[in-house]
Peer 1: 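This is the structure, below, for whatever I ask next.
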There are 2 protein chains.
Amino acid sequence: MAVPPSTGAPPVDAPRAAPVVVPARETIRHPPKEALDLSQILRTVGDPLRLSIVRMLADGREMLCGPLGEALGLPKSTGSYHLRLLREAGVTRTRQEGTLRYVSLRRDDLEDRFPGLVDVLTGAQ
Amino acid sequence: MAVPPSTGAPPVDAPRAAPVVVPARETIRHPPKEALDLSQILRTVGDPLRLSIVRMLADGREMLCGPLGEALGLPKSTGSYHLRLLREAGVTRTRQEGTLRYVSLRRDDLEDRFPGLVDVLTGAQ
DNA sequence: TCCGAAGTTCCAAAGTCTTGGAACAACCGG
DNA sequence: CCGGTTGTTCCAAGACTTTGGAACTTCGGA
């Protein structure tokens, strides 16, 4: 609580304030393949907005967050929210490059864990 | 508002009180096959309780509402609620016989509209 | 070094879903 | 025709989800 009067030198334990290296943006959390949960995935893609996103990614392309949200007329924060849910459910994968985030369908792992699911979602038979 | 004094004969316009034939229990509403909506279905089976119900019905048997709810430890009203959601989404079919309701998976229509979906839900490959 | 662009996080309001007790309806058997 | 059984509907409380503006972080370029 007590702030020492200015001595002209930096306070001796100020460096202790940040002892942990926070990896910040470089770490984007994805659930491991074995942790994917069918209920969670179904609940997540059960939202029409999010199902649209899955379909935009169906061809395997990577897309940026901006265009994905804009295509659905969403404000940035709302787009970010839905993309986070998709990533946390394991439906999409996100890769950072500079300030850009490339989003793609996590097709390989989904197919491995729940064969046929992606085809059902994207309407491919 | 004025009730006529008893005349020994039934009041002349009493039959008007029930002009519409209410089919009551005999009519259980199911969405037509063409109206099934993938988002709604996914949202519905995205609940772990409801996914369990789908799996209990996976072998094609009919089950009664009671046993379905009891197997999951649900009070009657809660079981009834989840079974209604499944029926309204087109996932199950319900048929009445006396006071009993037989519930089964609507596999034919689901397979027709969304091929592969039932297998994904039930874990069959 | 400052600016703008890309995205995220924070947060509160609004909306939707779930739960379970109580009351109810319909049918069956005795 | 009464009592039990099966299941539904009603309803209010609580939980969870969605929305979008504002503030913020990070990076790249001029």
Side-chain angles (χ1 to χ4, degrees), chain A residues 18 20-30 37 39-53 62-89 91-104, chain B residues 18 20-30 37 39-53 62-89 91-104:
Chain A
V20 178
V21 175
V22 178
R25 288 293 194 99
E26 223 50 52
T27 316
I28 301 175
R29 280 217 157 327
H30 293 82
D37 175 66
S39 280
Q40 187 186 359
I41 291 172
L42 296 171
R43 222 177 316 122
T44 303
V45 298
D47 179 290
L49 242 33
R50 292 190 293 258
L51 187 54
S52 303
I53 293 174
E62 286 186 314
M63 289 185 74
L64 293 172
C65 298
L68 275 170
E70 279 153 30
L72 298 166
L74 304 177
K76 285 197 312 172
S77 59
T78 303
S80 192
Y81 168 73
H82 287 291
L83 290 172
R84 177 165 63 80
L85 260 42
L86 284 166
R87 175 169 44 78
E88 288 178 349
V91 176
T92 58
R93 192 179 272 118
T94 303
R95 160 179 90 76
Q96 182 139 12
E97 201 167 293
T99 68
L100 305 177
R101 285 181 169 215
Y102 292 93
V103 178
S104 58
Chain B
V20 178
V21 175
V22 178
R25 287 293 192 103
E26 223 49 53
T27 316
I28 301 176
R29 280 220 156 326
H30 292 83
D37 175 64
S39 280
Q40 188 186 357
I41 291 172
L42 296 171
R43 224 178 313 123
T44 303
V45 298
D47 179 291
L49 243 33
R50 292 191 293 260
L51 187 55
S52 303
I53 293 174
E62 287 185 314
M63 288 185 76
L64 294 171
C65 297
L68 275 169
E70 280 155 28
L72 298 166
L74 303 176
K76 285 195 313 171
S77 59
T78 303
S80 192
Y81 167 74
H82 287 291
L83 289 172
R84 176 166 63 80
L85 259 39
L86 285 166
R87 174 169 45 77
E88 287 177 350
V91 176
T92 57
R93 192 180 272 119
T94 303
R95 162 179 88 76
Q96 182 139 11
E97 201 167 294
T99 68
L100 305 178
R101 285 182 168 214
Y102 291 93
V103 178
S104 57

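Because the structure is a prediction, the values reported are computed rather than measured. Each chain gets a letter, A, B and so on, in the order its sequence line appears, and its residues count up from 1.
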Peer 1: Just the rounded figure in Å: distance from C1' of D:dT9 to CD1 of B:I28.
Peer 2: 15 Å
Peer 1: Does A:E88 have any side chain to side chain contact (heavy atoms under 4.5 Å, CB included) partners at least two apart in sequence or in another chain, and if so, which?
Peer 2: A:R84, A:L85
Peer 1: Between the protein and nucleotides 14-21 of chain D, list the N/O to N/O atom pairs that are separated by less than 3.5 angstrom.
Peer 2:
unit_1, atom_1, unit_2, atom_2, d
D:dT18, OP1, A:R50, NH2, 3.2
D:dT18, OP2, A:R50, NH1, 3.3
D:dT18, OP2, A:Y81, OH, 2.9
D:dT19, OP2, A:H82, NE2, 2.4
D:dG20, OP2, A:T78, OG1, 3.4
D:dG20, N7, A:S77, OG, 3.0
D:dG21, N7, A:S77, OG, 3.3
D:dG21, O6, A:S77, OG, 3.2

Peer 1: What is the distance, rounded to the nearest whole Å, between atom CG of B:L42 and atom P of C:dC17?
Peer 2: 15 Å
Peer 1: Tell me: CD of B:Q96 to C1' of D:dT5, nearest whole Å?
Peer 2: 13 Å
Peer 1: Could you tell me the separation between the OG1 atom of A:T99 and the CG atom of A:L64, rounded to the nearest 0.5 Å?
Peer 2: 9.0 Å
Peer 1: Given B:L86, which of B:I41, B:T94, B:D47, B:T44 fulfils the side chain to side chain contact (heavy atoms under 4.5 Å, CB included) condition?
Peer 2: B:T44
Peer 1: In whole angstrom, give the distance that lies between atom CD of A:E97 and atom P of C:dA6.
Peer 2: 14 Å
Peer 1: Please confirm whether the shortest side-chain N or O distance from B:R101 to OP1 or OP2 of D:dT6 is below 4.0 Å.
Peer 2: no
Peer 1: Looking only at side-chain atoms of B:T99, point me to the closest of D:dT9, C:dA6, C:dA26.
Peer 2: C:dA26
Peer 1: Can you check the B:L86 CG to C:dC17 P distance for me, whole Å?
Peer 2: 14 Å
Peer 1: Measure CZ/B:R84 against P/C:dC17 and give the value in whole Å, please.
Peer 2: 11 Å
Peer 1: So, taking the atom named CZ in B:R95 and the one named CD1 in B:I28, what distance separates them when rounded to the nearest 0.5 Å?
Peer 2: 9.5 Å
Peer 1: Please tabulate, for the side chains in residues 73-82 of chain A, all donor-acceptor contacts under 3.5 angstrom to protein atoms that are two or more places apart in sequence or on a different chain.
Peer 2:
unit_1, atom_1, unit_2, atom_2, d
A:H82, ND1, A:R50, NH1, 3.1

Peer 1: Counting heavy atoms from C-beta on, name the nucleotide in D:dT26, C:dG7, D:dG7 closest to the side chain of A:K76.
Peer 2: C:dG7
Peer 1: Nearest of C:dG7, D:dT6, C:dA5 to any side-chain atom of A:C65?
Peer 2: C:dG7
Peer 1: Measure from CG on A:L64 to C1' on C:dA5 and round the result to the nearest Å.
Peer 2: 12 Å
Peer 1: So do the side chains of B:T92 and B:L83 get within less than 4.5 Å of each other, counting heavy atoms only?
Peer 2: no
Peer 1: Looking at CZ of A:R87 and CZ of A:R101, how far apart are the two atoms once the value is rounded to the nearest 0.5 Å?
Peer 2: 6.0 Å
Peer 1: Between P on D:dT5 and OH on B:Y102, what's the gap in Å once rounded to a whole number?
Peer 2: 17 Å
